[in-house]
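Values reported hereafter were calculated over all heavy atoms of this structure, with side chains retained and with hydrogens, waters and symmetry mates removed. Counting from 1, the numbers follow the sequence of the chain as shown. Counting starts at 1 for both ligands and their atoms, in listed order.
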Amino acid sequence: MSDAAVSAQSITKIFGPTDGGLRALDDVSVDIRANEFFTLLGPSGCGKTTLLRMIAGFETPTYGNIILDGVDITTEPPFKRPVNTVFQSYALFPHLTVAENVGFGLEMRGRQKKEIAGTVEEVLALVRMEQMAGRYPSQLSGGQQQRVALARALAPRPSVLLLDEPLSALDLKLRKQMQIELKRMQLETGITFVFVTHDQEEALTMSDRIAVMSAGRILQIGAPRDIYNAPANRFVADFIGESNFLPATVADAGSVTLGNGNTAPAVMPAGLEAGTRVTVAIRPEQIDVCAEADGLLAGTVAELVYFGTDMHAHLTLGDGETVVARVTARSEAALEKGGRTGIRFAPGALRVVEDDA
Ligand code: ATP
């Protein structure tokens, strides 16, 4: 028995006939700890929402079990689970005020009027909407409606709050503000948050841990820093942040030979034999430009792309491979389109990644 708040155990979900239907989840297992901000991250269609809906009880697994606080709830209906969901569409009742919307679920649970009023006040303060209690949803902005939807979901004090892309309808600035707010709410309430997004930056900003999903499987689970710094495979390296991929050959347990014959230190899984053809991932910010003669690799500047604080230099290497390097304003002056440059790598920058299956 797992002591996780939520444990998905060998979950497979097949839509349609079990034999030949669409396999939306393929033997997925994950333990979500109590009080953590846990994110399911992956591209559209990878199965995030399906997994969330199974924790909520809107969907039943074809195989596998959902355990909540040590109890098997696989076949329990949604209303019997100590779980609440915030959807992308806020789904507020238009004819009820903010306070009535937030109190609605508590009324349905038969709570006393006085208790409801106290809780409504408390959760509206938590989402910073206490001044708007008497307004109707049509009198609120999208961001304010989202806060009310959050307050409503938090009011019954669920042990787990599920959030299905709740910020995707907000503009960028508001979304960034709400990311910080959501994290604050999670810390203040101590409720386990399970958050679904396809936005890697959102996941990195808010999460204690992230599960990266692709095609119905979980590829890696870890803290944002671990996933960013040590992606388990090429998909994760590519999906989280930006990455360059170069072909290389294993020289020994700690280094690889690059396309031009130069050898560089690389982090790699144990047991790779010398001579094995591999792919190395390198983050653009871990590449330093230098004089051509001083470089481990050399190339021609194909493009310089400005984006505010820094630039991206797109370089074409001798063997035709391309590499993107992040260049700070200080070293920018040394580069010009069509010019030659050398590149070096920060310590630990080169990482051998598994190619995708
Ligand atoms: P998005 O970010 O686009 O919401 P997602 O990662 O949440 O994507 P899911 O909604 O879980 O993905 O869908 C996973 C797969 O299962 C998709 O191929 C989807 O078309 C399919 N699917 C989801 N729900 C059903 C259903 N009720 N019937 C049939 N197929 C479904």
Side-chain angles (χ1 to χ4, degrees), residues 6-30 32 37-66 68 73-78 81 83-91 142 146 149-150 153 160-172 175 178-179 182 192-207 209-222 224 227 231-241 356-357:
V6 182
S7 177
Q9 302 184 340
S10 305
I11 299 285
T12 292
K13 178 65 182 179
I14 303 170
F15 289 109
T18 306
D19 191 9
L22 185 130
R23 195 172 279 261
L25 291 173
D26 189 8
D27 197 18
V28 164
S29 293
V30 58
I32 299 167
F37 196 121
F38 191 91
T39 298
L40 301 172
L41 171 69
S44 184
C46 71
K48 320 179 282 293
T49 299
T50 302
L51 185 54
L52 201 75
R53 286 171 61 80
M54 268 171 216
I55 300 171
F58 302 130
E59 225 46 275
T60 345
T62 310
Y63 306 111
N65 297 82
I66 304 282
L68 202 140
I73 54 153
T74 313
T75 55
E76 201 81 327
R81 303 181 181 206
V83 170
N84 234 346
T85 309
V86 181
F87 298 99
Q88 187 178 341
S89 63
Y90 318 129
Q146 182 56 277
L150 270 164
V160 180
L161 186 70
L162 308 175
L163 302 109
D164 193 359
E165 308 231 15
L167 309 183
S168 57
L170 306 179
D171 68 51
L172 184 65
R175 199 156 76 220
M178 278 306 287
Q179 289 170 6
L182 269 179
T192 307
F193 276 30
V194 186
F195 187 88
V196 160
T197 184
H198 60 266
D199 181 334
Q200 48 104 7
E201 195 188 315
E202 197 160 279
L204 292 174
T205 307
M206 292 191 288
S207 316
R209 289 190 307 148
I210 301 171
V212 184
M213 296 182 68
S214 168
R217 288 173 169 273
I218 292 179
L219 299 185
Q220 190 170 2
I221 300 176
I227 290 199
N233 54 39
R234 184 167 177 153
F235 178 89
V236 177
D238 207 21
F239 194 73
I240 311 280
D356 302 327

Exercise. Flag C46 as yes when one of its N or O atoms lies below 3.5 Å from any N or O atom of ligand 1, and as no otherwise.
Key: yes
Self-check item: Worked check of side-chain contact (heavy atoms from CB on, under 4.5 Å) between R175 and L172
Solution: CA-CA 5 Å; R175 199 156 76 220; L172 184 65; 3.5 Å; yes
Quiz item: G42: heavy atom below 4.0 Å from ligand 1, yes or no?
Solution: no
Quiz item: Would V160 and I32 count as a side-chain contact (heavy atoms from CB on, under 4.5 Å) if you check the C-alpha gap in whole Å, the side-chain angles of each, and the deciding distance to 0.1 Å?
Solution: CA-CA 10 Å; V160 180; I32 299 167; over 6 Å; no
Quiz item: Is at least one protein non-hydrogen atom found at under 4.0 angstrom from atom 15 (C) of ligand 1?
Solution: yes
Quiz item: Looking at ligand 1, does any of its N/O atoms fall within less than 3.5 Å of an N/O of L22?
Solution: no
Quiz item: Are any non-hydrogen side-chain atoms of I14 and D19 less than 4.5 angstrom apart?
Solution: no
Exercise. Please indicate whether R217 has more than 12 foreign heavy atoms, meaning atoms of other residues, nucleotides or ligands, lying under 6.0 Å from its CZ.
Key: no
Quiz item: Any N or O on A24 sitting closer than 3.5 Å to an N or O of ligand 1?
Solution: no
Quiz item: In Å, rounded to the nearest 0.5 Å, how long is the span from OG1 of T18 to CZ of R23?
Solution: 9.0 Å
Practice problem: Have a look at T50, L40, V196 and point out the one with the heavy atom closest to atom 9 (P) of ligand 1. | Solution: T50
Quiz item: Applying the side-chain hydrogen bond (donor to acceptor under 3.5 Å, both in side chains) test to T197, which of Q179, E165, E202 qualifies?
Solution: E202
Quiz prompt | Option passing side chain to side chain contact (heavy atoms under 4.5 Å, CB included) with M213 (candidates L25, L219, L41) | solution = L25
Practice problem: For P43, counting its heavy atoms only, list the atoms of ligand 1 lying under 4.0 Å from any of them. | Solution: 6 (O)
Quiz item: So which of E59, H198, K48 gets nearest to atom 2 (O) of ligand 1, if we judge by its closest heavy atom?
Solution: K48
Self-check item: Protein heavy atom at shortest distance from atom 10 (O) of ligand 1
Solution: T49 CB, 3.7 Å
Quiz item: Could a heavy atom of G216 be found less than 4.0 Å from some atom of ligand 1?
Solution: no
Quiz item: With a 4.0 Å cut-off, strictly under, does atom 20 (O) of ligand 1 pick up any protein heavy atom?
Solution: no
Practice problem: Take every heavy atom of E165, measure it against each atom of ligand 1, and state whether any distance is under 4.0 Å. | Solution: yes
Quiz item: Taking only heavy atoms of G45, which atoms of ligand 1 are found under 4.0 Å from at least one of them?
Solution: 1 (P), 3 (O), 5 (P), 6 (O), 8 (O), 12 (O), 14 (C), 15 (C), 17 (C)
